Amino acid sequence: MPTHSPIALSTWSFGHVANAAAMPILRSGGSALDAAVAGATAVELDPTVDSVGVGGLPDASGRVSLDACVMTNPDRCGSVCFLRDYPTAAQIARRVMDNTIHVMLAGDGASAFAASEGFTPDANHLLTDQSRAAYAAWRTVHPTGQARAGLKAGYVPPMNVEERYKDALSSSPDPSHDTVCVLTRDTQGQLAGVCTTSGLGFKIPGRVGDSPIIGHGLYVDQTAGAASCTGNGELVMGVCGSFLAVELMRQGRSPLEAAVAVLQRIADRYTLHPSHQVAVIAMNPQGQWASASLRPGFSHCISTTDSTQTQPALKVLFP
Ligand code: ASP
């Protein structure tokens, strides 16, 4: 007998791809973790989403590396980072959690683990015609392959590039950062979260952002809530963004208050460029949820028993 209404909350306009995969699992009584991983996997495998997994933008060397983590509680989390060639990073992170004593595997070790778990590498090394073309276009203005995104001098961070799928930004010349965060609550009232990304486009090879790091890109504690972050990961990493949001909910803040407080902490502690963007999604065990962003342009997708809606952030710190 279900006692809680299921909820899926995902980042950016492609969050609807995640929720469409997650909600049938939740509605049929499946676990929050199964639903969140299925949602993330759907986005990772969708080659039309050049954000995550297959089709994710490569680094400055032209190769794609993926970061992902999954979590249901402090003692139930798993992660992979700098994963090459295997598209379903969220599923592999879950295997790290389920089948090893470790939390995080990186690089060649993560790939070897994926192979040992029976995952099949992508024959195209996660590149698509679209992402190859984006890299070629980037190389025309960065002929030496210099990693713009990692250099402080002259670096202008891109904003809201995930929303290039929308008409208003479809001609964005500067695609860069990409993440789907999925928070779910199942009919038993259990929370789960997944955060998966190809990271900052054209990054310095080896760069890992907030997304696969527990407490930064994602944090879940059944006793307090779940939160996940997207945007310029280097900003999130200085404030332990997701952990901070969950701890604030533990102290009694609502999901919206917690998400806004994280963004305010970032605004207080960093010299922000006008193009910097961070968004936080949060959900508490009661099923209250929220999203907030530093600047306009972020959207979330929220699915409940009755409806699915893609909406702008509930609160924008600098509208
Ligand atoms: N936070 C991700 C990273 O820094 C990117 C993003 O969410 O767009 O790798």
Side-chain angles (χ1 to χ4, degrees), residues 9-15 18 40 43-44 49-53 55-60 63-69 79-83 89-90 93 104 106 126 131 134 147-150 155 157-166 169 172 174-183 193-219 227-245 259 262-263 266 270 272-273 275-281 291-295 297-301 313:
L9 175 64
S10 303
T11 53
W12 302 106
S13 54
F14 48 73
V43 183
E44 290 171 335
V49 177
D50 59 342
S51 293
V52 178
L57 290 171
D59 63 22
R63 296 187 65 193
V64 180
S65 62
L66 304 181
D67 303 327
C69 67
S79 166
V80 288
C81 69
F82 199 60
L83 174 73
M104 189 171 201
L126 308 177
S131 63
R148 170 224 60 198
Y155 170 49
M159 184 173 78
N160 296 329
V161 289
E162 289 86 349
E163 299 304 69
R164 60 192 172 279
Y165 304 102
K166 292 193 161 179
L169 289 171
S172 169
D174 193 12
S176 182
H177 54 86
D178 317 282
T179 296
V180 65
C181 312
V182 188
L183 302 181
V194 174
C195 183
T196 181
T197 191
S198 52
L200 201 65
F202 318 129
K203 60 199 172 188
I204 292 178
R207 179 265 188 189
V208 172
D210 60 323
S211 305
I213 302 178
I214 300 302
H216 294 256
L218 173 70
Y219 199 71
S228 196
C229 298
T230 179
N232 296 96
E234 283 77 5
L235 302 180
V236 176
M237 293 166 88
V239 302
C240 300
S242 296
F243 180 75
L244 179 57
V262 169
L263 298 172
I266 289 171
Y270 284 89
L272 292 180
H273 186 280
S275 290
H276 273 136
Q277 176 66 300
V278 174
V280 182
I281 59 173
S291 78
S293 62
L294 273 181
R295 305 190 190 285
F298 173 75
S299 60
H300 63 255
C301 183

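These numbers come from a predicted model, not from an experiment. Both counts, for ligands and for their atoms, begin at 1 and track the order of listing.
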Student: Which residues pass the side chain to side chain donor-acceptor pair (under 3.5 Å) test with S242, not counting sequence neighbours?
Tutor: none
Student: Any ion pair linking K203 and E234 (charged N to carboxylate O, less than 4.0 Å)?
Tutor: no
Student: Please examine the side chains of V80 and M104, heavy atoms only from C-beta on, and report whether any two atoms are closer than 4.5 Å.
Tutor: no
Student: Could you name the option among M237, R207, E234 that has the heavy atom nearest to atom 9 (O) of ligand 1?
Tutor: R207
Student: For G233, take its heavy atoms, then give the atoms of ligand 1 lying under 4.0 Å from any of them.
Tutor: 1 (N), 4 (O)
Student: Number the atoms of ligand 1 from 1 as they appear, then name those within less than 4.0 Å of a heavy atom of T230, with their elements.
Tutor: 6 (C), 7 (O), 8 (O)
Student: What I want to check is whether the side chains of T230 and W12 have a donor and an acceptor closer together than 3.5 Å.
Tutor: yes
Student: Polar contacts were defined as any N/O atom of the residue lying under 3.5 Å from an N/O atom of the ligand; does this apply to G209 and ligand 1?
Tutor: no
Student: Please identify each residue that fulfils side chain to side chain donor-acceptor pair (under 3.5 Å) with S291, with sequence neighbours left out.
Tutor: H300
Student: With nothing but distance in play, are any N or O atoms of D210 less than 3.5 Å from an N or O of ligand 1?
Tutor: yes
Student: So, regarding N232 and ligand 1 (criterion: nitrogen or oxygen to nitrogen or oxygen, under 3.5 Å), is there a contact or not?
Tutor: no
